[in-house]
S.K.: 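Handing you this structure, nothing more for now.
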Amino acid sequence: MRDPGRVAAAIDILTAFNERPAPLSVLVSDWGRRSRFAGSKDRAFIRGLALDGLRRWRSFGGHQSPRQAIYLTLREVWKWELTRVDAAFAGDHGPGWLTTEEQAAKVLDVPDLPAFTEALFPDRDAHVLQSLTERAPVDLRANSLKASQEKALKACASLGAQTAPLSPVGLRIPPPPSAEKGPGVTVIPAYGKGWVEVQDEGSQLTVLAVGPLDGAQVLDFCAGGGGKSLALAAQMGNTGQIHAYDASPERLAPIHERLRRSGARNVQVVAPSDKERLEILAGRMDLVFVDAPCSGSGTWRRHPDAKWRLTPEHLQARQNEQDAVLDQAAQYVRPGGTLFYVTCSLFTHENQERVESFLTRTQDFTIDDPLAGLVEGDLKTSLTAFRHNHAMRLTPWASNTDGFTVMRLLRKAR
């Protein structure tokens, strides 16, 4: 495909998003099934262009015009020459000549947010908002059950991997240019051997912040695909026992293959249908790790479509789920044990306010320093910079990771 066809396809995808907000990955896949002629480079180009258009969706002239968003992305973000932009729109199979109004469009000085989130968003300034429009790196976690960080780094050298800035088990691959495919992590031998897992550095740090867990009994209460269960297993050196549970069998399904590849032997998967296995854990867990369902505002760099699909109703539904999850998870913590509450959200409504609400409903728990489990050392020193008001808060602008909030609760000893 040439420029005109690729640009027209990106506009078609954004038009579909404007009419029916859906995950961009779904819309791109739908387009791909209808367009068998497109090669992998074409699909990468079109996906990258659509994503960059959504990263500044309402910043482009202050309204949602797919044509204008793509035009300004090419002109202001991709830095195409105007002659190339004009040719892409006016050429065969292109979206058609640009109007004078479209050519005169300007980008807002400060990237925009959904209007209802502006009052919720912390530290709303140009630096903060600009960080949410940038492409995120690809982060890997060296699986210490099979490979050290140094060994994994050598194995991933062909992908341009570097040592991660904060995580002692992390690797970082810089983001490729927007029009190109991402690094082929899952096809390299190191991935197939289980030496590395794809995991944002912020997500790695939420697990590392728990501290030493050798021999502990752990419940990963919202395990999903198992990313944090695998990280916990490595941190525990295959000692103790991890019970990986999720209320959704679909979300839990990928964990089985990932466990096989990782070499983790201390993880038991608890299916949502097996209520008896879950019930016998009540009051027995040293740690209950809750990676709660949330708005995902901390991942807006990677999933800018989620920013524009979020509604006040969706946000309220997530808060209701968080309250329910905290109440359910608390019953599995033993006296003197720890409840670790984590979201990939930047909103206090989903973090501090949910914990405060939880503490009004129970007298059994108290709030603790989120880094209390860490021994003194380089990691604790680094993470202390992100500790605010009984929470560890990682953000794209401060830690150059996805956004995560971590809070530690202790169950009172009887």
Side-chain angles (χ1 to χ4, degrees), residues 205-224 226 228-229 231-247 264 266-272 274-294 319-343 350-376 379-380 383 387 389-392 404-414:
L205 294 172
T206 65
V207 174
L208 291 168
V210 174
L213 290 169
D214 291 358
Q217 289 291 314
V218 176
L219 172 60
D220 185 359
F221 191 68
C222 301
K228 291 185 174 67
S229 289
L232 285 163
Q235 188 163 329
M236 295 166 67
N238 263 337
T239 66
Q241 190 71 61
I242 299 168
H243 308 270
Y245 168 81
D246 197 281
N266 63 337
V267 180
Q268 292 185 16
V269 180
V270 181
D274 198 348
K275 299 300 183 184
E276 290 186 3
R277 283 185 62 197
L278 189 63
E279 289 171 358
I280 63 175
L281 304 180
R284 298 173 54 190
M285 297 294 102
D286 300 304
L287 169 72
V288 176
F289 194 102
V290 177
D291 185 5
C294 69
Q319 293 175 62
N320 294 341
E321 290 178 24
Q322 290 149 11
D323 287 342
V325 163
L326 275 169
D327 290 343
Q328 294 162 14
Q331 65 184 302
Y332 300 101
V333 184
R334 67 164 175 81
T338 300
L339 175 60
F340 221 63
Y341 179 71
V342 178
T343 75
E350 298 185 273
N351 297 301
Q352 286 89 338
E353 291 186 19
R354 300 280 55 78
V355 168
E356 290 169 3
S357 177
F358 169 72
L359 293 176
T360 65
R361 298 192 300 274
T362 178
Q363 302 301 312
D364 289 344
F365 285 82
T366 59
I367 196 165
D368 195 13
D369 178 351
L371 304 180
L374 285 175
V375 297
E376 296 297 330
L379 179 61
K380 187 168 186 175
L383 295 184
R387 184 173 55 193
N389 299 327
H390 299 295
M392 182 178 77
F404 285 92
T405 304
V406 175
M407 302 188 75
R408 180 191 296 264
L409 301 168
L410 296 181
R411 186 169 187 178
K412 298 175 183 177
R414 291 172 183 164

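All values reported here derive from a predicted model rather than from experimental measurement.
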S.K.: Residues in salt bridge (Lys or Arg N to Asp or Glu O under 4.0 Å) with Arg284, at least two apart?
M.R.: none

S.K.: With sequence neighbours left out, what residues match Glu279 under salt bridge (Lys or Arg N to Asp or Glu O under 4.0 Å)?
M.R.: none

S.K.: Working to the nearest 0.5 angstrom, can you tell me the gap between Asp214 CG and Gln235 CD?
M.R.: 9.0 Å

S.K.: Looking only at side chains, do Glu350 and Gln319 share a donor and an acceptor under 3.5 Å apart?
M.R.: no

S.K.: Which heavy-atom pair separates Asp246 from Gly224 by the least distance, and what is that distance?
M.R.: OD2-N, 2.9 Å

S.K.: Main chain of Val210, side chain of Arg408: is a donor-acceptor contact present, judged purely on distance under 3.5 Å?
M.R.: yes

S.K.: Do Leu208 and Leu379 make a side-chain contact, defined as non-hydrogen atoms from C-beta onward lying under 4.5 Å apart?
M.R.: yes

S.K.: Under the criterion side chain to side chain contact (heavy atoms under 4.5 Å, CB included), I'd like the reasoning laid out for Thr405 against Val342: C-alpha separation, chi angles, the key distance, then a yes or no.
M.R.: CA-CA 6 Å; Thr405 304; Val342 178; over 6 Å; no

S.K.: Heavy atoms, side chains only, cut-off 4.5 Å: are Leu339 and Phe365 in contact?
M.R.: yes

S.K.: Can you sort out the partners of Phe221 under ring pair (Phe, Tyr, Trp, His ring centres under 6.0 Å), two or more places apart, ordered by chain and number?
M.R.: Tyr245, Tyr332

S.K.: Within the 4.5 Å heavy-atom criterion, are Cys294 and Gln322 side-chain neighbours or not?
M.R.: yes

S.K.: Is there side-chain contact between Met236 and Gln241, with heavy atoms separated by less than 4.5 Å?
M.R.: no

S.K.: Looking at CD of Gln352 and CE of Met407, how far apart are the two atoms once the value is rounded to the nearest 0.5 Å?
M.R.: 5.0 Å

S.K.: Under 4.5 Å between any side-chain heavy atoms of Asp323 and Phe358, yes or no?
M.R.: no

S.K.: Would you say Asp220's side chain and Ala244's backbone share a donor-acceptor pair under 3.5 angstrom?
M.R.: no

S.K.: Output all residues satisfying side-chain contact (heavy atoms from CB on, under 4.5 Å) with Ala234, sequence neighbours left out; order by chain, then residue number.
M.R.: Arg141, Asn143, Ser144, Leu145

S.K.: Provide the closest heavy-atom pair for Ser229 versus Ala223 in the form atom of the first, atom of the second, distance.
M.R.: OG-CB, 4.0 Å

S.K.: Within this structure, what is the CG-CG distance for the pair Leu281 and Leu219, rounded to the nearest 0.5 Å?
M.R.: 6.0 Å

S.K.: Considering non-hydrogen atoms only, spot the tightest contact between Leu374 and Lys380 and give its length.
M.R.: O-NZ, 3.3 Å

S.K.: Considering non-hydrogen atoms only, spot the tightest contact between Met392 and Leu371 and give its length.
M.R.: SD-CD2, 3.8 Å

S.K.: May I ask you to say whether Asp327 pairs ionically with Arg361, meaning some side-chain N is under 4.0 Å from a carboxylate O?
M.R.: yes

S.K.: Using side-chain heavy atoms (C-beta onward) and a distance below 4.5 Å, is Leu409 in contact with Leu359?
M.R.: yes

S.K.: Above 12 or not: heavy atoms from other molecules or residues under 6.0 Å from CG of Asn389?
M.R.: no

S.K.: Pair up each side-chain donor or acceptor in residues 285-293 with any protein partner under 3.5 Å, not counting sequence neighbours, and list the distances.
M.R.:
unit_1	atom_1	unit_2	atom_2	d
Asp286	OD1	Arg334	NE	2.5
Asp286	OD1	Arg334	NH2	3.4
Asp286	OD2	Gln217	N	2.8
Asp291	OD2	Lys228	NZ	2.8

S.K.: Run the side chain to side chain contact (heavy atoms under 4.5 Å, CB included) test on Gln268 and Ile242 for me, step by step, so that the C-alpha distance in whole Å, both residues' side-chain angles and the decisive distance to 0.1 Å come before the verdict.
M.R.: CA-CA 6 Å; Gln268 292 185 16; Ile242 299 168; over 6 Å; no

S.K.: Counting distance only, does the side-chain N/O of Gln331 pair as donor-acceptor with the main-chain N or O of Gln328 below 3.5 Å?
M.R.: yes

S.K.: Specify the closest pair of heavy atoms between Val267 and Ala233, including all atoms of both residues, with the distance to one decimal.
M.R.: CG2-CB, 3.9 Å

S.K.: For Thr239, is there any backbone N or O sitting under 3.5 Å from a side-chain donor or acceptor partner on Asn266?
M.R.: yes

S.K.: Sequence neighbours left out, what passes salt bridge (Lys or Arg N to Asp or Glu O under 4.0 Å) with Asp364? Give chain and number order.
M.R.: Arg411

